[in-house]
Amino acid sequence: MVSISIGGMRIGFDFSFFAVIAVFFALDDSGYAIFCIAACLCHEAGHLVLLLLTDKVPESLIFSGSGICIKQREEPSLPVLAAGCTVNFVLFAVFYFLLERTSVYRLIFAVSNLCIGILNLLPIGELDGKKLLERFFTALLPFPAAQRAMYISELAASALAAAAIALLLFSRTLNITSILVMIYVFAVDFLLKIR
């Protein structure tokens with residue numbers, strides 16, 4: 001891993017990050033990979049900017065094969081957790097509804113942001129949606145009921161993701177990158193459960 005420290009925050013690049021990016025580009029026949037990566041960077045920038053605006057410098061920002069991870073010294077607040085998806089949805093609205101549709105690339109970037117925002121709201125694994133939903137249920141329900149509600153939500157999200165994978169597998173517009181992303185989400189969730 002190569003890492004540097006900027007303003008008390010360690011920024012690290014694991015070699016697996018570059019390997020995954022290379023595979024992502026190699027499998028991308030459509031040319032949309034760069035837009036998806038840009039949407040992911042915008043998502044993480046949303047978290048990071050809000051943290052910095054609230055004078056909370058993260059401990060580290062790690063780029064690895066399993067994704068981009070911002071590690072904080074304390075539990076993230078709800079606004080910080082929601083900031084990434086909010087940025088994606090705002091960018092979708094701006095590029096899809098407000099700017100002129102003079103370029104197909106604007107539409108691709110808009111839809112990429114929408115997909116990244118929706119994916120991160122799934123209550124699975126380490127995604128923002130799971131952390132947000134856990135906080136919501138814990139604040140609203142007694143602990144045992146919150147745990148049951150979370151379990152049901154994870155099952156429903158997993159079923160939805162499995163249906164999406166099946167739809168992609170059996171559709172005529174097979175997209176290997178989308179399938180790999182969904183399999184990755186399942187794998188991370190499974191590994192977290194067996195830990």
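Both backbone and side-chain heavy atoms feed into the values below; hydrogens, waters and symmetry mates do not. We number each residue from 1, following the sequence as shown.
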Taking the side chain as everything from C-beta on, heavy atoms only, tell me whether [X] gets closer than 4.5 Å to [Y].
X    : Y    : answer
L78  : L132 : yes
F109 : L91  : yes
I11  : S3   : no
M150 : L133 : yes
I68  : L41  : yes
F35  : N113 : no
I4   : I6   : yes
L121 : L127 : no

Tell me whether [X] at atom [atom1] has more than 12 heavy atoms from other residues, nucleotides or ligands lying less than 6.0 Å away.
X    : atom1 : value
Y96  : OH    : no
Y105 : OH    : no
F136 : CZ    : no

Give a yes or no on whether a salt bridge exists between [X] and [Y], defined as a side-chain N under 4.0 angstrom from a carboxylate O.
X    : Y    : answer
K131 : E75  : no
E59  : R10  : no
E100 : R106 : no

ask   = What orientation do F13 and F63 show, parallel under 30°, tilted 30 to 60°, or perpendicular over 60°?
value =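 Parallel: the ring planes of F13 and F63 meet at under 30°.
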
request  = Evaluate side-chain hydrogen bond (donor to acceptor under 3.5 Å, both in side chains) for D128 paired with H43, printing each intermediate quantity in order.
outcome  = CA-CA 11 Å; D128 298 332; H43 178 93; 2.8 Å; yes

query = How far apart are the closest heavy atoms of G7 and V57, and which atoms are they?
reply =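 For G7 and V57, the tightest heavy-atom pair comes out as O-CG1, 3.6 Å.
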
ask   = So, for S64 and S16, which heavy atoms are closest and what is the spacing to 0.1 Å?
value =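 In terms of heavy atoms, the two residues are closest at C-OG, 3.8 Å.
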
message = Is it the case that the ring center of F92 lies less than 6.0 angstrom away from the ring center of F97?
response =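 Here the rings of F92 and F97 have centres that are less than 6.0 Å from each other.
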
